[in-house]
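When a ligand or atom number is given, it counts from 1 through the structure's own listing order.
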Amino acid sequence: MAVFSTRCRPRGKCSLQTRPRAFHGLSRIDFHGSISTDQGAVHRKFLINPWQIRVAVAFRSRLKDSRLWTGYNSSMIHEILPVGLLQCNCSIIGDEATREAMVIDPGDEIEDVLALVRTHNLQVKQIVITHAHIDHVGGAMKLRAATGAPILLNQNDYALLKMLDVQAAWIGVPAPGKVEIDRSITTGETVSAGSHTAQVLHTPGHTEGSICLYFEPAKKLVAGDTLFAGSIGRTDLPGGDPQKIMRSLHDTVLALPDDTVVIPGHGKLTTIGEEREGNPFLVKR
Ligand SMILES: [Zn+2]
């Protein structure tokens, strides 16, 4: 079953050793508008996510070794590690029986990703990118070099990949260099980590090539920046299209069962049911 396994590090700076990571950490006002508040022992950070359509609450921490969520579900190992300046939710999904794994959206902090892979004694077989924004794809080549696993991305985002240096300038991080894609994936195809298979759902709108990954038996959707808890992906960047994202959300994402757990590209987990009921962008047309 799903359990929070995170700890606040370094120890001693926060007394909430058993709280989920979302309530931990931080520090200062940063350049993209996040603010921090201290509320007694609970330190909260509110981040304005530059990939998200409006101000919404997301959580981040600069503390190393803090996983957002660790889950075990019918032999599925699932680690969610927020990585990089924008705290992209990188998922490591592994099969306890075969030890095969996929890594989704290795945006940065590849040493930490590899440490978790080693912790679970996994072999990374696929690197899957939900869309070609730098915070999701920035560490992919480093991970490929370390594991030999191919990098998969929908071909409609290949143009965005050629703009990684521009994207780096937008958010003020170093350009990661050229990222090579081994194979395009789209609706009708699957990606796998041992016996755990996800359907690829092409959900354009945030970018032309945005995809979601639907693990039907595990009732999980890795949604990239298409859907967030209480918000949706922004559409005003190159390749974005507000009509397309609404079509993707209504026709593809909301077609999934209410009890599907959604792992967004940033911030906290949610469910299809919660977003169907409460997401202000998903009111019935
Ligand atoms: Zn994005």
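H196 has its side chain within reach of S75: a pair of non-hydrogen atoms, C-beta onward, lies under 4.5 Å apart.
Checking H131 against the Zn ion (ligand 1), an N/O/S atom falls under the 2.8 Å cut-off.
Taking the N/O/S atoms of H133 in turn, the shortest distance to the Zn ion (ligand 1) belongs to ND1.
Annotation: angle subtended at the Zn ion (ligand 1) by H206 NE2 and D225 OD2 is 100°, to 10°.
Remark: aromatic rings of H78 and H120 are distant, center separation not under 6.0 Å.
For residues 183-197, the pairs satisfying salt bridge (charged side-chain N to carboxylate O under 4.0 Å, His left out) are R183-E189, with sequence neighbours left out.
With sequence neighbours excluded, no residue satisfies salt bridge (Lys or Arg N to Asp or Glu O under 4.0 Å) with K125.
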